[in-house]
Amino acid sequence: MKTIPIIGNDNSFLYRFLVSPRLRPARHATLIVALLVIASNLVLFTLRGSTEALGKWIYLLIFNLFVLYGSLFYFNLLYLTPRYLLKQKYLTYILYLSGGLIVVFALQATQEYMVSSILGVPNIFTGYPKVALVMDYLSSFPLTLLSIIGGSMTVLLRLWILENQRVMQLEKIRLQSEIEHLKEQISPSMLFRVLHYSGEQALVNPGKASKMLMKLSQILRYQLYDCNREKVLLNTEIKFLTNYLELEQLVSGKFDFRINASGETGRTFIFPLLFIPFIQYAVKQTEAQEMQPTSIEINLEAENDTILFNCQTSVPCLEDNQELNKIRQRLDLQYGEQYQLEVNCQSIRLELKGGGK
């Protein structure tokens, strides 16, 4: 599963600042402060050297520009962006935004003219030819337009984060569904065989039938309850494999088995029902042989966050076929590139690293 680097981290400040509803007042407060700084800079730059002559009127001029640019910014943010930009009506969006900026520039120029002509306070444009004044506004137009469009990028970034988060959640649900589907594919035919055979044995060998049903109940309990967790301890998985093989041995009586476990099996976690498809396939192949007896030997080792699984049979029958592709698919989903699987005619070797995704 792909994740959003840094900015998609739920713990990052930028992620929470852009997405969290609780921080909405902080987002607007930041915008208002930025607009006040811009308005103050424009007025003080335009009237540099004449601010003392204006006295307290300077605050009214700053407030007027703050209202002008704030109105345009929020008009773009709340109306133009969702109505045109997000709907990919780019030309209409640019035309409306440009028209709004022209209106703001016209009102700003009117304010500067009134201060200069009516109040008699000169500004940096006093004495400028009209052509130079127009050129100054024209040169400022694209930069101001890009700055306002940049404000829309925060909205787009926020929507992108939320959409990416939604896609990741859907992908996680899809992967979980696929994994659950793969887990459910664990040989239901075995259940019917055991029930049928135990029913036959109940009359002639009730002790064996009782033992079979006890093993079956332990297997079903593990599948129904323990397997609902994301991961289980490796030693509980080994106990499940032992119960399964003992039950298959009681039903068929055609093979012997041995399970060897070493290392940190009591402290290592693993995805449940990960090895059972290999075991089922090995049992199926050994039972298909006419020669008897056959054997299955399983070795499990857990050391340094690595699990080694090796399944060997006494008959040359194992092949990498479609039945093994199911477990390959599940390994791809859960371990990505953190596993190695080798299959030859008599053995299956699986190495798992890092505990999976």
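These numbers come from a predicted model, not from an experiment. Just so you know, residue 1 is the first one in the sequence shown, and it goes up from there.
Among all heavy-atom pairs drawn from T268 and E264, the shortest one is OG1-O, 2.6 Å. In terms of heavy atoms, R349 sits closest to L308 at NH2-CD2, 3.6 Å. Listed here is the closest heavy atom pair of A282 and C311: CB-SG, 4.0 Å. Nearest heavy atom pair, residue P272 against residue E230, reads CD-O, 3.2 Å. Taking both residues in full, the closest heavy atoms of V251 and Y197 are given as O-CZ, 3.9 Å, listed atom of the first, atom of the second, then distance. Taking each heavy atom of A302 and L234 in turn, the nearest pair found is CB-CD2, 3.8 Å.
Rounding to the nearest 0.5 Å places CG of L97 at 6.0 Å from CG of L80. We find the CG-CE distance between N205 and M212 to be 10.0 Å, quoted to the nearest 0.5 Å. Atom CG of L241 and atom CD of Q280 lie 10.0 Å apart (nearest 0.5 Å). Annotation: the span from I276 atom CD1 to L245 atom CG amounts to 7.0 Å, rounded to 0.5 Å. The structure places CD of Q249 at 6.0 Å from CG of D256, a figure rounded to the nearest 0.5 Å. Annotation: the span from I307 atom CD1 to F269 atom CZ amounts to 11.0 Å, rounded to 0.5 Å.
Cluster membership for I38 and I32, using ILVMFWY side-chain heavy atoms within less than 4.5 angstrom, is shared. Taken together through direct or relayed side-chain contacts under 4.5 Å among Ile, Leu, Val, Met, Phe, Trp and Tyr, V37 and L31 form parts of separate hydrophobic clusters. Under the 4.5 Å side-chain heavy-atom criterion for ILVMFWY residues, no single connected hydrophobic cluster contains both Y225 and I270. Linking Ile, Leu, Val, Met, Phe, Trp and Tyr whenever their side-chain heavy atoms come within less than 4.5 Å leaves F105 and L95 in two separate clusters.
Checking side-chain atoms of Q218 against main-chain N and O of F240 turns up no donor-acceptor pair under 3.5 Å. In this structure, S198 contributes its side chain and L195 its backbone to a donor-acceptor pair below 3.5 Å. At distances below 3.5 Å, at least one donor-acceptor pair connects side-chain atoms of T236 with backbone N or O atoms of L233. Counting only distance, with no hydrogens or angles, the side chain of K208 and the backbone of L250 share a donor-acceptor pair below 3.5 Å. Put simply, the side chain of S98 gets close to the backbone of I94: a donor and an acceptor are under 3.5 Å apart.
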Can you list the steps and then say if Y244 with E248 is a side chain to side chain donor-acceptor pair (under 3.5 Å)?
-> CA-CA 6 Å; Y244 176 83; E248 286 283 11; 2.8 Å; yes
May I have the step-by-step check of side-chain contact (heavy atoms from CB on, under 4.5 Å) for R221 and D226, ending in yes or no?
-> CA-CA 7 Å; R221 187 183 302 115; D226 291 358; over 6 Å; no
Going through the distances and angles, do Y339 and Q334 end up as a side chain to side chain donor-acceptor pair (under 3.5 Å)?
-> CA-CA 10 Å; Y339 80 92; Q334 292 181 318; over 6 Å; no
Should R328 and L341 be marked as a side-chain contact (heavy atoms from CB on, under 4.5 Å) after you check the CA-CA gap, both sets of side-chain angles, and the distance that decides it?
-> CA-CA 8 Å; R328 285 184 183 275; L341 178 62; 3.6 Å; yes
N243 and Y222: CA distance, side-chain angles, deciding distance, side chain to side chain donor-acceptor pair (under 3.5 Å) verdict | CA-CA 10 Å; N243 286 331; Y222 179 79; over 6 Å; no
Verdict with reasoning, E237 to T265, per side-chain contact (heavy atoms from CB on, under 4.5 Å) | CA-CA 9 Å; E237 184 78 2; T265 59; over 6 Å; no
Give the intermediate values and the outcome of side-chain contact (heavy atoms from CB on, under 4.5 Å) for residues I298 and N310.
-> CA-CA 6 Å; I298 298 166; N310 194 291; over 6 Å; no
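The side-chain heavy atoms of Q223 and L273, taken from C-beta on, include a pair separated by under 4.5 Å. Side-chain atoms of F257 and I259, non-hydrogen and from C-beta on, do get closer than 4.5 Å to each other. Considering only heavy atoms from C-beta on, E351 comes within 4.5 Å of T306 through its side chain. Put simply, the side chain of L352 reaches to within 4.5 Å of the side chain of L274, judged on heavy atoms. Residues F275 and L350 meet the side-chain proximity criterion, which asks for heavy atoms closer than 4.5 Å. Under the 4.5 Å side-chain criterion, counting only non-hydrogen atoms from C-beta, I296 is not in contact with I279. Using a 4.5 Å heavy-atom threshold, the side chains of L300 and N260 count as separate.
Ring geometry, Y96 versus Y84: the interplanar angle falls under 30°, so the pair is classed parallel (tilted spans 30 to 60°). Using cut-offs of 30° and 60° on the angle between ring planes, the pair Y79 and F75 is parallel.
Y335 has its ring centre less than 6.0 Å from the ring centre of F271.
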Pairs under 3.5 angstrom only: tabulate donor-acceptor contacts from the side chains of residues 59-71 to other protein residues two or more places apart or in another chain.
from : atom 1 : to   : atom 2 : distance (Å)
N64  : ND2    : L60  : O      : 3.4
N64  : ND2    : Q111 : OE1    : 3.3
Y69  : OH     : Q108 : OE1    : 2.6
S71  : OG     : V67  : O      : 2.6

